[in-house]
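Quick notes on the structure that follows.
Just so you know, ligand 1 is whichever comes first in the structure, and atom 1 is the first atom listed for that ligand.
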Amino acid sequence: MSIAPDTTVVLGHRFATELPEIALRWQAESAPDPRLLVLNESLAAELGLDPAWLRGPDGIGLLVGTRLPADAEPVAQGYAGHQFGGWVPRLGDGRALLLGELIDTDERLRDLHLKGSGRTPFARGGDGLAAVGPMLREYLISEAMHALGIPTTRALSVVATGRPVQRETLLGGAVLARIATSHLRVGSFQYVRTAGDLALLRRLADHAISRHCPGAAETENPYLALLDSVVAVQANLIAQWMLAGFVHGVMNTDNMTISGETIDYGPCAFMDAFDPKTVFSSIDSFGRYAYGNQPAIAAWNLTRLAEALLALISDDQDRAVELATESLQRFAPLYSAAWSAGMRRKLGLGNEVDDTVAQQLVDELLGMLESERVDYTSFFRGLASGEIDPPFEVWAARWRSLDPDSEAMQRANPVYIPRNHLVEEALAAAATGDMEPFHRLLAVISSPYDERTGYERYAEPAPENFGRCFQTFCGT
Ligand code: AMP
Ligand code: MG
């Protein structure tokens, strides 16, 4: 690792300093022939980084982790997790590094993190690498989520490394630079809890409170307030996923953040036809992480977080369980409230419409969408402009009688999402060196609510021969 001559980038090392027990000092592997494939210029500006500098050799060196400011302390983070329900006491960043923290233009702390930067001591059997396709995929989908207003980690760049990566075939390697308000996960707490060091657990919780819910520190029981806060942000997040038709695909506890940001875009995808059983991931054989299961899985994961926090919540075990249970019980009503409010927005219903009426209308609609196998996203957008399929006429007459606000609906229902066939098309072209379809799709999904002429095919569902059997792969 050489030292970048530019000293304007200041990388903090708060996580590494405050939590050295779960921060393993490590360095990125060299990239033999780094080539910047995509740079998020607006995000760079938000982070106070000069896009022109990032495009130069020192900038690219930062984005692959080989040229860091002199005082940087890159680390692989330790965490545990339940993967598909099975306990794994030691996961950690096997192919990722936290380079450090940046202070953005709003004075907020943001993690600069790399994925695909080489093997770490947490790599187990993995090669520590990532291929170009999956990293571009994470870039596209996380930026689409951001543009839809859904809390998410962000993608700053993808750099092709020039290092081959062996998957089913030999692929080009890449490093994704990811920005997050932190990389603390439910699995971080599980890891520390299992180590049995209560002082460390308290330090981790204090770190999380300071970064994500500073108000909790002022309450009577800060660690209970931390749990309350994670329950609330996750209830909101999962409601937003459900409203957008997003299937995360691998909701293991190591992939659930304390911040409430969506993280780890592996086998995720947007649902086409509305169907709660929708699963894309090739390894999710039992449908554990199906679209319709996501709220229940989130509650299950939060229960694992609560268990990890119990010893901090009260010295009296029974009292701790009682308090944590009350906190967890708030997930369902918070989720329902966020989801119902979102459905009202999607249907353009004002506050004067009675809750029961709205709820019944939504339930009936979802039942029909499922039985008619209607494309979820385009149905709602079409409704906003008065396009109604014949089977929905009777329902629509009742809906219209509630005087829906079609302009509000255009702001709540996207025209463009990263549809699976479009993403695949963009990635296939990128694999041959043609980045044009990727950039065109990125431009479209970055303004999802603004309908543009000439982009009709980006709003259309997948052709019949594509949609039904589409699978995503975890071997990213
Ligand atoms: P994920 O399914 O991406 O959340 O990853 C689960 C765990 O596997 C994490 O500990 C990752 O760091 C690790 N992992 C995934 N892919 C690789 C790889 N190619 N090399 C090393 N570790 C990996
Ligand atoms: Mg993960």
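Of the heavy atoms in Leu129, only backbone atoms (N, CA, C, O) come closer than 4.0 Å to ligand 1. Heavy atoms of Leu91 found under 4.0 angstrom from ligand 1 belong to the backbone as well as the side chain.
No side-chain donor-acceptor contact under 3.5 Å links Tyr79 to the backbone of Val186. Ser229 contributes no side-chain N or O that, together with a main-chain N or O of Ala225, makes up a donor-acceptor pair within less than 3.5 Å.
Atoms of ligand 1 found under 4.0 Å from any heavy atom of Asn255, numbered from 1 in the order shown, are 4 (O). Near Gln83, with a cut-off below 4.0 Å to any heavy atom, the atoms of ligand 1 are 6 (C). Atoms of ligand 1 lying under 4.0 Å from any heavy atom of Tyr79, numbered from 1 in the order shown and given with element: 9 (C), 10 (O). Listed by number with element, the atoms of ligand 1 under 4.0 angstrom from any heavy atom of Asp93 are 12 (O).
Checking Gly128, Gly118, Gly125, Ala96 against atom 21 (C) of ligand 1, the nearest heavy atom belongs to Gly128. Of the listed options Gly94, Gly81, Gly92, Gly92 places a heavy atom closest to atom 9 (C) of ligand 1. The heavy atom nearest to atom 13 (C) of ligand 1, out of those in Arg95, Arg124, Arg167, Arg185, is found in Arg124.
Considering backbone and side-chain atoms together, Asp127 places an N or O closer than 3.5 Å to an N or O of ligand 1.
A side-chain donor-acceptor contact under 3.5 Å links Asp228 and Ser327. Inspection of the Asn40 and Glu143 side chains reveals an N or O donor paired with an N or O acceptor under 3.5 Å. No hydrogens or angles considered: nothing links the side chains of Asn255 and Tyr265 as a donor-acceptor pair under 3.5 Å. Glu424 and Asn420 are not linked by any side-chain donor-acceptor pair at a separation below 3.5 angstrom, with hydrogens and angles left out of the test. A side-chain N or O of Tyr458 and one of Arg440 form a donor-acceptor pair less than 3.5 Å apart.
Among His82, Arg185, Gln83, the single residue meeting the side chain to side chain contact (heavy atoms under 4.5 Å, CB included) criterion with Asn252 is Gln83.
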ask   = What do the steps show when you test Val175 against Thr161 for side-chain contact (heavy atoms from CB on, under 4.5 Å), and what is the final call?
value = CA-CA 7 Å; Val175 173; Thr161 57; 3.7 Å; yes
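Ordered by chain and number, Asn255 OD1, Asp264 OD2 make up the set of protein N, O or S atoms under 2.8 Å of the Mg ion (ligand 2).
Under the ring pair (Phe, Tyr, Trp, His ring centres under 6.0 Å) criterion, Phe246 pairs with Trp241, Phe270, not counting sequence neighbours.
More than 12 heavy atoms of other shown residues, nucleotides or ligands fall within 6.0 angstrom of atom CG in Leu198.
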